[in-house]
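These notes are about the structure you will find just below.
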Amino acid sequence: MGAQLWTICAGKGGVGKTFITSSLAITLSKLNFKVLVIDLDITGANLHSAFGVALNDHNLRKYFSDQAPLSSLVTPCRVPRTYMIQGFWDNWLPIEIHLDRMHQFIQDVRKLDYDYVLIDLGAGAQSLYLPVIEASDEKFLITSPEPSSIEKTYRFVESWIFYRLSQVGNSDSIKNLECTLRDYRKINHNTPFCFRSYLKESSGFTFDHLDSINDKPFQILINETRSQQDHDLGYSIKSICNKYYDLKVDFLGSIDFDNAVWQSSRGREPVLISKPFTPLAGQFLQICKAKTQTNFHANFLKEVV
Amino acid sequence: MEATKFSYYDVLEVDIHSQQHEITHAYERARNTYSGDNPAVYSIFSEEEAREMLRMIEEAYSVLGNKTLRNLYDEKISKGVGKLEDLSFDNLSIESKLTIPEPKKRVPLTKLDYPRNEVMENKYANAADWTGSLLKEVREYKKVSADQLSVVTKVSSFYISAIENMEPSQLPAAVFVRGYVGQIAKYLGLNEKIVCDSYMKNFKQVGK
């Protein structure tokens, strides 16, 4: 079996994508999986600091400029069974990557010999990220309980739906869809709106392919929750996506706010390494166990044999 | 979107096979989401939309939260009979009353209503020796059925008949019997103390 591809994305920056990527990787390595993390944030690499590793110019830039194969860029992290490929740090050079190149990248990643490959994306639904998200086996959508971050999560979801619809619709129907939606936003309605039924009525779109989007739903993860109320926002987001967008998402869980996180980031050491027995570690363990259920037992069996 | 286009299960976002407690749980979650100032809602739904959503949620729960109505609703859906529009709470509750008639409520007598007979009134007012049969006589004279007496006094009709037949084996300890007799006497407009004292004296005699 090839590597399982997990992408970590978010609508807004600063909600903890990198922190969650590194923590998931460390937890998976504790569960005896061989893990590779890839920093694909095109606005600037920072996954290395989460692991306390120095910047390296042997990074994705070399792969995308055809100077080195992907496998040669892998460097070990300071955590056992965990490896990383560093991201762009020469942002003064423009990053022009063709979509075909991106598909090639995904294929190359899949060929690597790891149990899990975690890809840390930058904020927002950039056109470069969307094919990666589409190809991944699990997609984690990170948000914080702040209203601004939740709002941007919805913007992210909308971009995602449009991206998927644009693959199946013709250009006319997409344009029609954009117009009807824009018009709809301007008017105030007193009955709740629903994507699917509204578009069905207004433009004759068939939305059966929305079902195919629902195959591998986004896993909503709320970072920095401080109360049960914050945690329950996950169910609210799920309900909104279901009712408004007709998009199935799963609420995976929430990560508590913990001062240890920023404290250990000052020391450039992953919090799960410096403080391995916090509730935080338990929450990550729970998530990883839930998401590796099928491989979990097989992996321990492998160890025994 | 019209409320009726979606099944109540869609509204509460639960599976059709969900347990009753899961439905309650989902309802509470949905209510939390759409009522109040939820930061996850305001940027998507206007206040009016949220209110409408809340109304649908309440309506869905009024059917799915009730076992009888839910069964009826499930049955209708599985048969595919009628449109979802016909399956509103009001229609279902009317129908459930047809299939499972509500028990008729007995109207308890609050006031005694009987033709007065001065001779009898005097006889009962001055009576000093009270037995079960005399209590029964008074009850029948005042046109109160054992059932009605039971509803008003909260003494079971089984005990009432045992008191009237003076059967200690069918009754609890004497102190309770005294309480029952007191209730009965009070309702029948008799002197509680005289009735209780003399009835209990006779009652203990029977027991021996």
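Chain letters run A, B, ... following the sequence lines, proteins first, then strands; residues in each count from 1.
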Would you check if the side chain of A:Tyr235 reaches a backbone N or O of B:Ala26 as a donor-acceptor pair within less than 3.5 Å? no
Kindly compute the distance separating NZ (A:Lys243) from CD1 (B:Ile44), expressed to the nearest 0.5 Å.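 Between atom NZ of A:Lys243 and atom CD1 of B:Ile44 there are 13.5 Å.
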In Å, rounded to the nearest 0.5 Å, how long is the span from OG of B:Ser43 to CZ of A:Arg155?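 So the gap between those two atoms works out to 6.0 Å.
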Check whether more than 12 heavy atoms from other residues, nucleotides or ligands sit under 6.0 Å from atom [atom1] of [X], and answer yes or no.
X        : atom1 : answer
B:Tyr42  : OH    : yes
B:Glu47  : CD    : no
A:Gln229 : CD    : no
A:Gln286 : CD    : no
B:Asn117 : CG    : yes

If you count heavy-atom pairs under 4.5 Å with chain B, which of A:Pro147, A:Ser239, A:Pro145, A:Ser148 comes out on top? A:Ser239
What pair of heavy atoms forms the shortest contact from B:Ala40 to A:Ile150, and how long is it? CA-CG2, 3.8 Å
A:Leu233 versus B:Pro39, closest heavy-atom pair with distance: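 So the minimum-distance heavy-atom pair works out to CD2-CG, 3.7 Å.
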For the residue pair A:Ile240 and B:Tyr34, establish whether any side-chain heavy-atom pair is separated by less than 4.5 Å.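 Yes - at least one pair of side-chain heavy atoms lies under 4.5 Å apart.
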Side-chain ion pair, B:Glu13 and A:Lys238, N-O less than 4.0 Å: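 Salt bridge flag = no for A:Lys238 with B:Glu13.
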